[in-house]
Every structure is written in C-alpha cells, then in structure tokens.
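Just the heavy atoms: all of them, side chains too, but no hydrogens, waters or symmetry mates, feed the values below.
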Amino acid sequence: MRQQFLILAFMILMTSGNITAQDEAVVIKVDTLSPSVFMLTGEGGNIGLFIGETYAFMIDDQFDRLSDKIKATIAGLTDKPLAFLFNTHMHGDHTGGNASFNSGGTTIIAHDNVRERVREHQQKALEENKITPEYLSQMLPEVTFSQDITFYDGAETIMAFHVHNAHTDGDAMVYFVSNNVLHMGDTYVGRNYPFIDLNSGGSVEGYIKAQKKALMVINDDTRIIPGHGRPSNKKELETYVSMLEDIRNNVQQAITEGKTLEEIRVDTSISGVYDEAYGSGFINPEKLRESFYTGLKKD
C-alpha cells in the first residue's frame with residue numbers, strides 16, 4: 001500500500017500541468033559538457049542537447065508548460081533543425097512536452113515499452129476528456145526499438161541502448177561517442193537516492209545492472225547527464241553503485257533473517273552511513289529501504 005501511494009504521489013508530482021507563479025519563475029539553465037553537447041535544466045528531468053553538423057538531437061523534454069521556454073533556449077544555442085527527440089523512459093517529467101515538440105520535422109524515439117506506457121497513461125486522460133485524440137497521438141513516440149539504435153551526424157556516432165527493468169521497463173541510455181557524454185535518464189540521479197518504479201517494471205537488481213553497464217561504456221573523462229541533479233562522472237557513478245550494492249546486501253540480509261517490512265523501513269543501520277549524502281531528495285531513507293525490501297521480495 002505504501003509503495004502504491006509513493007508511486008501515485010510521484011506521478012501526480014511529475015505530470016501536474018497546473019500553471020503557477022512557480023512555473024512562471026522557472027529558468028532553463030544550460031551547462032556546456034562538450035563542444036557539441038549541452039545539459040538543460042529547468043523543472044523535471046534533465047534535458048540533453050546535441051548540436052551536430054546537420055541537425056540537433058534532444059533527449060527528454062520535461063513538462064508541456066515549459067516547452068516554449070525550452071524551445072527559446074534551444075533557439076539561442078542553434079538554428080539547426082531539431083530532427084530527433086529521444087525519450088529515456090515514460091515518466092511525465094521526461095515526456096510531458098512530447099506533443100509540443102512533435103512536428104513534421106521532429107521524430108520522437110523511445111523503447112517499445114515507453115510508447116505503450118505513455119499510450120496507457122494518456123488513454124486514461126482521453127477517457128476523462130482531459131485531452132483530445134490528436135494530442136494523444138502527438139504524445140506517442142513514432143519510432144521505437146527493442147534493444148539498440150544508432151544515429152550518425154558527421155563525425156559523431158550516437159548510441160542508444162535499452163537497459164532491462166531498471167528505473168522502469170523502458171529505460172534507455174544515450175551515448176555520444178566522439179563527445180564522450182552519456183545521458184542516463186533516471187537510471188542514475190546523481191546525489192540522491194533513486195526512485196525505482198516497481199509498478200512500471202523497475203527492479204533493484206536491474207537498476208544496479210544498468211549502472212554497471214554504463215560503467216562498461218564510459219571512461220574517466222566521460223561527462224554524465226543524470227536524470228536529475230548536476231552533471232556527474234565515472235568516479236561518482238562507481239561510488240553510487242557501491243552504495244546501492246551495500247544497501248541491497250543489507251536489506252537482503254535483513255530479509256533472510258526474517259525481518260518485516262516495517263522493521264526494515266525504520267532500521268537506520270541498513271543505510272545510515274549514506275543517508276546524509278543521498279537521502280535528502282524525493283526518496284528519503286525510509287522510502288528507499290521500503291522500496292528495496294519490496295523490490296527484492298518481488299525479485
């Protein structure tokens with residue numbers, strides 16, 4: 001029940017479309033990670049932007065209400081056409097602007113499961129007369145893939161690859177080979193504990209495996225765009241993986257000893273050495289321990 005409440009709260013937070021004074025105050029900030037790759041932050045998931053020789057390639061799009069601000073920021077960086085918009089997964093803070101960016105000149109791309117989960121979520125809104133059939137159609141990725149897909153622009157090779165049952169069941173990472181920048185979506189959230197969406201195909205083991213796969217791709221000089229938070233690097237990701245494995249092992253040991261969900265949820269010894277560094281975000285230490293217990297019991 002608590003896990004269902006957590007997911008409901010997350011989805012309400014991530015997909016809310018109400019325009020408030022806070023929304024108006026959102027500023028789209030730009031970090032230059034390489035000569036051709038930029039990270040845009042505002043509200044919601046971090047956006048990746050590659051400006052190539054012939055086109056621009058965008059990763060995730062935050063919320064619909066911020067689309068005009070995001071478009072203006074991109075226009076200040078390049079006049080090249082936005083050929084591709086890539087969704088790293090299905091959550092509304094990463095796909096909320098799909099309909100606004102979807103045009104004859106921009107193709108939305110995602111893993112197969114992202115299209116199906118976005119469709120499922122938008123179908124409910126359609127049945128409640130909150131959106132039109134046209135809007136639903138524009139929200140959906142037009143090109144999907146099951147494992148990997150590769151793009152080319154001049155000297156740059158853009159490799160996108162699916163990671164199984166990690167944050168969700170449709171996660172994909174995008175690696176810009178020549179620029180040596182990796183966008184990890186919400187399979188990595190930098191200096192915060194992760195939200196693992198168990199009801200959308202996510203899993204504890206899959207989350208850790210996804211990060212280990214990323215470590216096989218990158219090197220010490222790679223710049224990492226996390227789903228949320230500041231730009232990161234291989235050393236920080238290695239530390240993060242070690243932290244997750246340690247907490248996973250502690251929770252598994254507690255399960256083996258027969259401890260209940262409530263006992264594990266309040267047991268600060270399980271994650272205490274990491275709580276100050278990683279536990280102040282959306283997922284606090286109690287939520288993390290609960291999520292790991294529920295996930296490992298399912299696994």
side-chain contact (heavy atoms from CB on, under 4.5 Å) partners of [X], counting only residues at least two apart:
X      : result
Lys259 : Ala254, Glu257, Glu263, Ile264, Asp267
Ser271 : Tyr193, Ile247, Asp275, Pro285, Arg289
Ala214 : Met173, Leu182, Met184, Leu237

Under 3.5 Å, is there a donor-acceptor pair between the [X] and [Y] side chains?
X      : Y      : answer
Thr41  : Asn46  : no
Asp186 : His94  : yes
His162 : Asn113 : no
Thr54  : Asp153 : yes

If you count heavy atoms of other groups shown closer than 6.0 angstrom to [atom1] of [X], is the number above 12?
X      : atom1 : value
Lys209 : NZ    : no
Glu276 : CD    : no
Asp68  : CG    : no

Inter- and intrachain pairs under salt bridge (charged side-chain N to carboxylate O under 4.0 Å, His left out), touching residues 157-185, at least two apart
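The answer is Arg117-Asp169.
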According to salt bridge (charged side-chain N to carboxylate O under 4.0 Å, His left out), does anything in residues 45-62 pair up with another residue at least two apart or in another chain? List the pairs.
none
Go through the steps for Arg265 and Glu262 under the test salt bridge (charged side-chain N to carboxylate O under 4.0 Å, His left out), then give the verdict.
CA-CA 5 Å; Arg265 192 174 67 84; Glu262 183 59 26; 2.9 Å; yes
Check whether any side-chain heavy atom of Tyr55 lies under 4.5 Å from a side-chain heavy atom of Phe151, and answer yes or no.
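Answer yes - side chains close enough.
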Tyr207/Asn165 under side chain to side chain donor-acceptor pair (under 3.5 Å): CA gap, chis, key distance, verdict:
CA-CA 7 Å; Tyr207 200 93; Asn165 302 102; over 6 Å; no
Of all residues at least two apart in sequence or in a different chain, which pass the side chain to side chain donor-acceptor pair (under 3.5 Å) check with Arg191?
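Listed in chain order: Glu236.
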To the closest 0.5 Å, what do you measure between NZ (Lys71) and CZ (Phe101)?
5.5 Å
Spacing of Ile47 atom CD1 and Leu49 atom CG [to the nearest 0.5 Å]
8.5 Å
Tyr175 ring center near Phe161 ring center (under 6.0 Å)
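When the ring centroids of Tyr175 and Phe161 are compared, they turn out to be at least 6.0 Å apart.
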